[in-house]
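All chains are named by letter (A, B, ...) in the order of the sequence lines, taking the proteins before the strands, and each is independently numbered beginning at 1. Remember, it's a predicted structure, so these values are computed and weren't measured experimentally.
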Amino acid sequence: MSGLKVVFWKELADYLGSRKFLILFTIILVSAISIVYILSQNIGEYLSEISKEYVFLNFFTISLGALPSFIFFVSFFGPLIGIIFGFDAINSERSKGTMSTVLSQPIYRDALINGKFLAGLATISIMLISIILIILGLELGVLGIVPNLEEISRIIVFFIASVIYIGFWMSMGILFSIIFRQTTTSALVSLMMWIFFAFFILMISNVIADQVTPLNQNSTLEMIAKNENIKSMIMHISPVVLFQEITIALLNPSARVFGISALIKANDLLPTPLPLSQSLMVIWPQFVGLLALMLICFAVSYIVFMRQEIRAT
Amino acid sequence: MKTIVLDAKNLTKLYNHTKVVDSINLQIEEGEIFGFLGPNGAGKTTTILMALGLTEPTSGEINVFGYNSTREPLKVKKITSYLPENVGYYEDLTAQENLKYITRLNGIPGKKADAKIEEVLKNVGLQDVAQVEVGKYSKGMKQRLGMAAVLVKEPKLAILDEPTTGIDPKGVEEILELIVKMSREQNITVLLSSHLLYQVQKICTKIGIISQGRIVAQGTIEEIGKSLLKEEKEDLLEVKVANKLTPALEESIKQIEGVMGVEKKSPDHSLEEIYIKYFREG
Ligand SMILES: Nc1ncnc2c1ncn2[C@@H]1O[C@H](COP(=O)(O)OP(=O)(O)OP(=O)(O)O)[C@@H](O)[C@H]1O
Ligand SMILES: [Mg+2]
């Protein structure tokens, strides 16, 4: 077995057996079950809101009173999951003194970081697949709804997008675990980035847009459009925004355009559903953007790690 | 002539423009237990890391069994075991699992690995706690696990960076015994960095002293001791007395013209003396 494989299997076993995996899994599982449960109790009430063609997908997107939708859970907790898996990947090995033991074995240095990255992605995939399967099973069993092919393919694409999204946060965590020697520092900085991309980016994009093109009563339509454009450009730096748009288009087949309004109430958009290929066209740029963000994070981690001194000092 | 196991030629390492290792030339022959001595910050660990290809030299080169450590690190690491200073193991894994990971990284097939792991755990006296998580181990047990990790890959060269720090005297004795045993029974060449001069003197066949990145002395303890003697400005005369040296006899020797002083000496130059001689100026 090559070094990469050995590291991969060791890390995967570590992740799957770790307490943090168990806790996260339980949290997501409980929330998924409660969504399906509440839905099954109040199915009549929501029937009007549900699109007849894609009954199945609705269970991922619909939010029920106090309980947020499943995609909200993923877009909100996804970053936390990724960060939890990534933030101490390298610096904990360094401070515990395990890194020099591992790297003094006949493996290349990048086997360690590649193995950890791939094992993290595999863990995320396993977690998401099992939860999606559990939801599918519950829907089938409790509600007796059978998904159609279109829905299944949409869920598969949604799954891939989620892995990339959470994978981005994990790579960012790994990057900080390489840059910062203290695990507390890397955890805090990762959380700060999350808060920034999830919440502050909206505010900042507003401020900048208003600085560049100030609006008042006399503003022309053109200026308002420009202002909106700048806002949207800045917001699209954020993986959270990218992912939200991807999931909306995927799980809500009628979505065609994006803007702040689309994020708030996706269900009220144009009624005629698009086929998957069309939805994919809509979200292609977001998809590529998200993937690029993850790969950039990983590439930077890789380069920094390869040039770093091995010692803990 | 014996095989040269480790061979450093003009090995130099700069950190932020300061020479941490300065044109080191170092040869270690097969079967030796080589004591690598020097004060804190002298450059021992840096030299070791370059030997393993874990840090690149700024200039010069270092070879292990003829393999260049920088260009062929995998070949070097395959036959070399390294016990780092401040070594650590995965605390939520057992000793057995930790060793298993090392054998996997070395590509040792499962059956053979399991037998070897059992054997080395027995050798270091951890067989009864093999299935206990390493997090519950004492410092001494962890260090013994470190020795097991060194042995499990059946190396030809073992590089031990301060393997006895933080261990009680009995533990130190045990580790030194292990080192001698592995050197004798398995013909493993040993590079041992340590601050415990008495222990080094006891087990090392040769020593190298490094100070501020430079090798200041290299050879057997006797050789270095003798060369030091030559450097002394005054001649030293060894006089054997029939019984114990009495104050009267001492006094009468002092009376002889030209004698500067009389000093009672232990028969050999101890490493302690040599070391202090090198570093008494700071
Ligand atoms: N990554 C680094 N960047 C800059 N300087 C470093 C780095 N690593 C080590 N040094 C410096 O190199 C010098 C030699 O360090 P080294 O660890 O090789 O010494 P040592 O002989 O092993 O000391 P000790 O007995 O304390 O282990 C020290 O002055 C140290 O500060
Ligand atoms: Mg050192």
So, the side chain of B/Lys77 versus the backbone of A/Leu103: is there a donor-acceptor pair under 3.5 Å, distance only?
->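 Yes, B/Lys77 side chain to A/Leu103 backbone: donor-acceptor pair under 3.5 Å.
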
Please answer whether the main-chain N or O of A/Lys5 pairs with a side-chain N or O of B/Arg104 as donor and acceptor at a distance below 3.5 Å.
->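 Flag not set: sc B/Arg104 to bb A/Lys5 has no pair under 3.5 Å.
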
Which atoms of [X] are under 4.5 Å from chain A, going by heavy atoms: the side chain, the backbone, both sets, or neither?
X: B/Asn106; answer: both
X: B/Leu83; answer: neither
X: B/Thr103; answer: neither
X: B/Lys153; answer: side chain

Count the heavy-atom pairs under 4.5 Å between each of B/Tyr82, B/Tyr89, B/Tyr15, B/Tyr90 and chain A, then report the option with the highest count.
->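 Among the listed options, the one with the most contacts to chain A is B/Tyr90.
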
Picking from B/Glu85, B/Lys78, B/Lys100, which has the most non-hydrogen pairs under 4.5 angstrom with chain A?
->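 Winner by heavy-atom pair count: B/Lys78.
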
May I ask you to check whether over 12 heavy atoms, not counting those of [X], lie within 6.0 Å of atom [atom1]?
X: A/Lys20; atom1: NZ; value: yes
X: B/Glu118; atom1: CD; value: no
X: B/Tyr137; atom1: OH; value: yes
X: A/Lys96; atom1: NZ; value: no
X: A/Phe196; atom1: CZ; value: yes
X: A/Gln308; atom1: CD; value: yes
X: A/Gln182; atom1: CD; value: no

So how far is it from [X] [atom1] to [Y] [atom2], rounded to the nearest 0.5 Å?
X: A/Asp14; Y: B/Leu93; atom1: CG; atom2: CG; value: 5.5 Å
X: A/Ser104; Y: B/Leu49; atom1: OG; atom2: CG; value: 9.5 Å
X: A/Ser100; Y: B/Asp161; atom1: OG; atom2: CG; value: 9.5 Å
X: A/Glu309; Y: B/Thr55; atom1: CD; atom2: OG1; value: 4.0 Å

Hey, does B/Tyr101 have a side-chain heavy atom less than 4.5 Å from the side chain of A/Thr101?
->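 No, every pair of side-chain atoms sits at 4.5 Å or beyond.
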
Any side-chain heavy-atom pair from A/Lys10 and B/Leu105 closer than 4.5 angstrom?
->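 No, side chains not in contact.
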
